[in-house]
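Accompanying notes for the structure given below.
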Amino acid sequence: MWTKIPILPYFRLVGPYLKQHKRDLVLLVLLLILSIGAQITIPWLLKTYFDSPSDASLQSLLLLIGLIMVLGTAYQLLVLVSDYIGEHVGWSAANRLRSRLMRHCLSQDISFFHRYNPGELLDRVDGAVNGLAEFFYKFVVRFTNNVVLLLVALGLLYTIHWSIGAVMTAFIGLAAVVYYRLRDYALPYWVRVGEMSSAFFGFIGEQLTNTEDTRSSGASGYAMGRLKTLLRNWFPLHMEAGYAFSVMWMQSMMLLGLSTILTFAVSAWLWHTGTVSAGTLYMLMLYAVMLVGPIDTIRIELGALQRASANIERIRQLFDIRPAIEEGAGEEVLQEGPLSAEFREVTFGYSPHEPVLHGIGLRLAAGQSLGIVGRTGSGKSSLARLLLRLYDPQQGSVLLDGTDIRRVKLTQLRQRVGIVTQDVQIFKGSVRDNLTFFNPAVPDDKIEAVLEDLGLASWYAELPEKLDTQLEAGGGGLSAGEAQLLAFARVFLKEPGLVILDEASSRLDPVTEEKLEQAVRKLLSGRTAIVIAHRLQTLRHVDRILVVEDGRIIEHDSQAALLENPDSRYSQLLRQSFRNSSR
Ligand SMILES: Nc1ncnc2c1ncn2[C@@H]1O[C@H](COP(=O)(O)OP(=O)(O)OP(=O)(O)O)[C@@H](O)[C@H]1O
């Protein structure tokens, strides 16, 4: 549980971004001083007005009224401008924090994205940060304003008469103790509301991502049932948090009542003893009310403070997650041209105690192609993921070009290794951006040549705006096969030294696959290639074959040697595959 007021954690989190707004912050302080000046001058002018002698000139009275009106209007304008600047600074700082969080999330390894679904992340990156932006504007700006006002008003009460100053100091002390003791009262409720909100948005994100599967499997009823359960659980939590807030509100109302009674009592005594004039009495009442205002605002902002504590905690939790994949030091650089690939005694599991690859030892010379075959779940894709450092092995090492890939910068590694899987991501953007990954340096004629090579010329010719044609997120408007062909184009434009095709043509019809095979052979020449395929015909042209079973290599040789040996596992698999296709 967090028992401290989160001003320090807040500034630790947002402070570096606020520093960039030094000028605005100085302006805010200036506006603050001016608005407080206006606020305390108005009661003094009113006092002067009320205490004016009966023979005072009309002109001087009108002048006083005019001054009061001008100051009142100026005060409202100052509040408007400082609210604007406060909100602007808060949002700008929050936006930078949002960008840092986004970068942090994107730098995580794949297991992170298995743990948190998009909706949950969205809620943390956007929802929690929004809360902090509001916190700055509402709490930090208004709180500072009100604390300063409170101190100034208290000082002025002392100048009127020590008794009212002393009584109000005692009252403020009492209010501070009550608020301090109550400050964490509603926090657990708000934390639970925040967690529920993450779960809710996580669920919505999951449903939106999987809507096709949900509908086709007739699970919409189940999804709606879960939604209702979540909403049912959410409502009482909100009620409890609201109730906790109301308890605090009642406490502060009682304190306000007490302050009014005290002010009236002391004022009556001062008037009775003839210590103060009518005008001073009026001014005293106004200053006393001025004390009540900040106390009330502080009470209201306590809710924001507690929500901010919960938001800071949720953001901190996210920042505390360190990627399991550490960035390579970059002391080694992968050279241009085809890359040799090597697994040295690699043991790997998605959870460390359940290995899915056992002591893999394998070397593929630069420029060679390797076909990997094996049953579902035997570990083929896991080998590919290790080459891209989506995961690191628990034992052994993976080398490219003779270099341990942990010593190479991740961006360089992923630039030099290209992968096409059956799971293709298309972004909302132009065909060009989708193919070049937003890299404007790739010339259009190069993109067009690759599309031509991949047999996409007729598809491309029909695009209304050629490379500027917009694609929808998720590949709306493209067939699964076309999307997969675009993924091929994307990889080849990168000109990688190692290409991995993981069931990359599984969504293509046999004719397209046949056509693509020619293109892929041409594009793979001069590169090292790893082809993972269930359809063994796809592997006809690779140099070497690796057969894996239960995460172990059971055969690895040149394709020719394995074909020559009728007892090899590969020959058996081929025979079985022919039998199945001729049935
Ligand atoms: N993200 C993951 N988290 C936990 N376990 C995983 C994950 N991905 C794969 N596995 C497990 O690791 C093992 C190997 O999976 P892998 O995807 O490498 O097999 P594969 O041979 O490529 O299978 P397929 O032919 O179906 O693509 C399987 O038991 C699988 O359940």
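Keep in mind that this is a model prediction, so the values were computed, not measured. Note that these values count all heavy atoms, side chains included, but never hydrogens, waters or copies made by symmetry. Every number for a ligand or one of its atoms is a count from 1 in the order of the listing.
Residue-level proximity to ligand 1 for Y391 is carried by the side chain, the only part with a heavy atom below 4.0 angstrom. Residue-level proximity to ligand 1 for E503 is absent, since no heavy atom of it falls below 4.0 angstrom.
For atom 14 (C) of ligand 1, the nearest protein heavy atom lies under 4.0 Å away. Under the 4.0 Å distance rule, the nearest protein heavy atom to atom 31 (O) of ligand 1 falls outside the cut-off.
Less than 4.0 angstrom separates some heavy atom of R385 from each of these atoms of ligand 1: 8 (N), 9 (C), 17 (O). The distance from ligand 1 to the heavy atoms of R375 drops below 4.0 Å at these ligand atoms: 21 (O). Using a 4.0 Å cut-off to heavy atoms of S381, the atoms of ligand 1 that qualify are 17 (O), 18 (O), 20 (P), 22 (O), 27 (O).
Between the side chains of S382 and Y350, at least one donor N or O sits under 3.5 Å from an acceptor N or O. Judged purely by distance below 3.5 Å, without hydrogens or angles, the side chains of D468 and S430 never pair a donor atom with an acceptor atom.
For a threshold of 3.5 Å applied to N or O pairs, the pair formed by V356 and ligand 1 contains no separation below that value.
Atoms CD and CZ, from E336 and R416 in turn, are 5.0 Å apart once rounded to the nearest 0.5 Å. To the nearest 0.5 angstrom, E503 atom CD is 7.0 Å from K380 atom NZ. L435 CG to R432 CZ: the interatomic distance, rounded to the nearest 0.5 Å, is 9.5 Å. Note that CD1 of I545 and CG of L562 are 7.0 Å apart. Values are rounded to the nearest 0.5 Å.
Between atom 16 (P) of ligand 1 and the options S382, S378, A384, the minimum heavy-atom separation is to S382.
When only non-hydrogen protein atoms are considered, atom 26 (O) of ligand 1 lies nearest to T376 CG2, 3.2 Å. With hydrogens left out, the protein atom closest to atom 10 (N) of ligand 1 is Y350 CE1, 3.3 Å, a heavy atom. Here the protein heavy atom with the shortest distance to atom 28 (C) of ligand 1 is G377 O, 3.8 Å.
Cation-pi geometry between R100 and F319 is met: the NZ or CZ atom falls under 6.0 Å from the ring centre, inside 45° of the normal.
Taking the six-membered ring where the residue is Trp, F201 and W234 present perpendicular rings, their angle passing 60° and hence far from 30°.
Considering V531, I532, L370 in turn, V531 is the only one that fulfils the side chain to side chain contact (heavy atoms under 4.5 Å, CB included) rule with L539.
Ligand 1 has no atom lying under 4.0 Å from any heavy atom of G374.
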